[in-house]
K.L.:
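Have a look at this one before I ask anything.
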Amino acid sequence: MPTPDPRVDDYIANAAAFAQPILHEIRLRVHSGCTTAEEAIKWGMPAFLYKGKLLCGMAAFKAHATLGFWQREASSGDDSAMGQYGRLQSLGDLPGKREFTTQLRAAMQRIDAGVTRPKAAPRAPLPMPPAFAEALAGAAVAKAHFDGFSPGYQRDYLEWIGEAKRDSTRQQRIAQAIEWLSDGKHRGWKHEKH
């Protein structure tokens, strides 16, 4: 077994008490079934790599843990909680050891064969609310920033404005959007780490 990643140790130690044995067991099973698996932290959660490719990952939340194989053909269970096994709340919720090993080896074989996860189809563009288009037309700097943003950042503004149920809320959001866009800020700018 490669050297355990101390960040994974810390993650498990800081998980809720019910989740710790689940995470320990997943870790043990991965290393038993794939002796070359390397540990990492991906998206803030423990992950296991095989030949440098993401094999599977686990996570712990307030009331459940999750396990998901990255390289899999189809879901083998409940996808309602990030992983394909649903909300793991006890060791008994894990798949059987034999089933786990079979799925682990199948994921390894897919990596060996060069199979990759299919990319998600691009999302259809959202329509520009007419009132927002009019406001942008009157604010050249804001429009230039909006036009220069990635489709995802543009979508954030379009969804936010489009979700407003009342016209007064929509107008407030448009005014706020023009202010932020004039400063070159995307909609989630407040949540960035400085």
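Nothing here was measured: the structure is a model prediction, and the numbers come from that model.
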K.L.:
What is the distance from atom CG of D9 to atom CG of N14, rounded to the nearest 0.5 Å?
P.N.:
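Separation between the atoms: 11.0 Å.
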K.L.:
Could you state whether V141 and Y153 fall into the same hydrophobic cluster, counting links through intermediate Ile, Leu, Val, Met, Phe, Trp or Tyr residues with side-chain heavy atoms under 4.5 angstrom apart?
P.N.:
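No, it is not one cluster - the side chains of V141 and Y153 are not joined through contacts under 4.5 Å.
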K.L.:
Can you give me the closest heavy-atom contact between F100 and I26, atom names plus distance?
P.N.:
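Answer, listing the atom of F100 first, then I26: CZ-O, 4.3 Å.
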K.L.:
Would you find a donor on one side and an acceptor on the other, under 3.5 Å apart, between the side chain of E39 and the backbone of P46?
P.N.:
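Such a contact is absent between E39 side chain and P46 backbone.
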K.L.:
With a 3.5 Å cut-off and sequence neighbours excluded, list the donor-acceptor pairs that the side chains of residues 156-163 form with protein atoms.
P.N.:
| unit_1 | atom_1 | unit_2 | atom_2 | d |
| --- | --- | --- | --- | --- |
| Y157 | OH | K185 | O | 2.7 |
| E159 | OE2 | R123 | NH2 | 3.0 |
| E159 | OE2 | R155 | NE | 3.2 |

K.L.:
Going through the distances and angles, do F149 and L181 end up as a side chain to side chain contact (heavy atoms under 4.5 Å, CB included)?
P.N.:
CA-CA 10 Å; F149 279 163; L181 286 166; 3.3 Å; yes
K.L.:
Identify, with sequence neighbours excluded, every residue that meets side chain to side chain contact (heavy atoms under 4.5 Å, CB included) alongside K51.
P.N.:
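Here the qualifying residues are D112.
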K.L.:
Using every non-hydrogen atom in the two residues, find where M45 and M58 come nearest and quote the distance to one decimal.
P.N.:
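Closest approach of M45 to M58: CB-O, 3.5 Å.
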K.L.:
Using 0.5 Å steps for rounding, measure from the NE2 atom of H186 to the CZ atom of F146.
P.N.:
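Atom-to-atom, H186:NE2 and F146:CZ are 14.0 Å apart.
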K.L.:
Look at D5 together with R27 and state whether they make a salt bridge at an N to O cut-off of under 4.0 Å.
P.N.:
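Here D5 does not pair with R27 in a salt bridge, since their nearest N and O are not under 4.0 Å apart.
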K.L.:
Test W70 against K42 for side chain to side chain contact (heavy atoms under 4.5 Å, CB included), laying out the working first.
P.N.:
CA-CA 12 Å; W70 191 253; K42 299 283 186 182; over 6 Å; no
K.L.:
What's the separation between atom NZ in K53 and atom CG in L55, rounded to the nearest 0.5 Å?
P.N.:
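Going from NZ on K53 over to CG on L55, the span is 12.5 Å.
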K.L.:
Please list, one pair per line, the donor and acceptor atoms closer than 3.5 Å that link side chains of residues 88-95 to other protein atoms, with sequence neighbours excluded.
P.N.:
| unit_1 | atom_1 | unit_2 | atom_2 | d |
| --- | --- | --- | --- | --- |
| Q89 | NE2 | A63 | O | 3.3 |
| S90 | OG | G92 | N | 3.4 |
| D93 | OD2 | Q89 | N | 2.7 |
| D93 | OD2 | S90 | N | 3.2 |

K.L.:
Once the angle between the rings of W180 and W189 is folded into 0 to 90°, is it parallel (under 30°), tilted (30 to 60°) or perpendicular (over 60°)?
P.N.:
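The arrangement is perpendicular - the two ring planes meet at more than 60°.
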K.L.:
Return the CD1 to NE2 distance between I178 and H145, rounded to the nearest 0.5 Å.
P.N.:
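The distance works out to 12.0 Å.
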K.L.:
Can you name the nearest heavy-atom pair linking A17 to P21, along with the distance?
P.N.:
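In this case the closest contact between A17 and P21 is O-CD, 3.2 Å.
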K.L.:
With the side chain counted from C-beta on, respond yes when L28 and K97 share a heavy-atom pair under 4.5 Å apart, and no when they do not.
P.N.:
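They are not in side-chain contact.
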K.L.:
Would you say the side chain of M128 lies within less than 4.5 Å of the side chain of Q154, judging by non-hydrogen atoms?
P.N.:
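When only atoms from C-beta onward are counted, M128 and Q154 do not touch, as no gap falls below 4.5 Å.
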K.L.:
Hey, could you give me the NE2/CD distance between H31 and E38, rounded to the nearest 0.5 Å?
P.N.:
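One finds 9.5 Å between NE2 of H31 and CD of E38.
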K.L.:
Minimum heavy-atom separation for I22 and A65, please, with both atom names.
P.N.:
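The pair with the smallest heavy-atom distance is CG2-CB, 4.2 Å.
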K.L.:
Would you say L54 and L49 make side-chain contact, with heavy atoms under 4.5 Å?
P.N.:
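Yes. Closest side-chain heavy atoms under 4.5 Å.
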K.L.:
Using a strict cut-off of less than 4.0 Å between a Lys/Arg side-chain nitrogen and an Asp/Glu carboxylate oxygen, indicate whether D10 and R7 qualify as a salt bridge.
P.N.:
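No, this pair does not count.
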K.L.:
Is there a donor-acceptor contact under 3.5 Å from the side chain of R170 to the main chain of A164?
P.N.:
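Present.
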K.L.:
For M108 and Y50, which heavy atoms make the closest approach, and how far apart are they?
P.N.:
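Taking every non-hydrogen atom into account, O-CE2, 3.5 Å.
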K.L.:
Out of curiosity, D167 CG to I174 CD1, how far, rounded to the nearest 0.5 Å?
P.N.:
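These two atoms lie 8.0 Å from each other.
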K.L.:
Of all the heavy-atom pairs spanning C56 and V30, show the shortest one and how long it is.
P.N.:
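Here C56 and V30 meet closest at SG-CG2, 3.7 Å.
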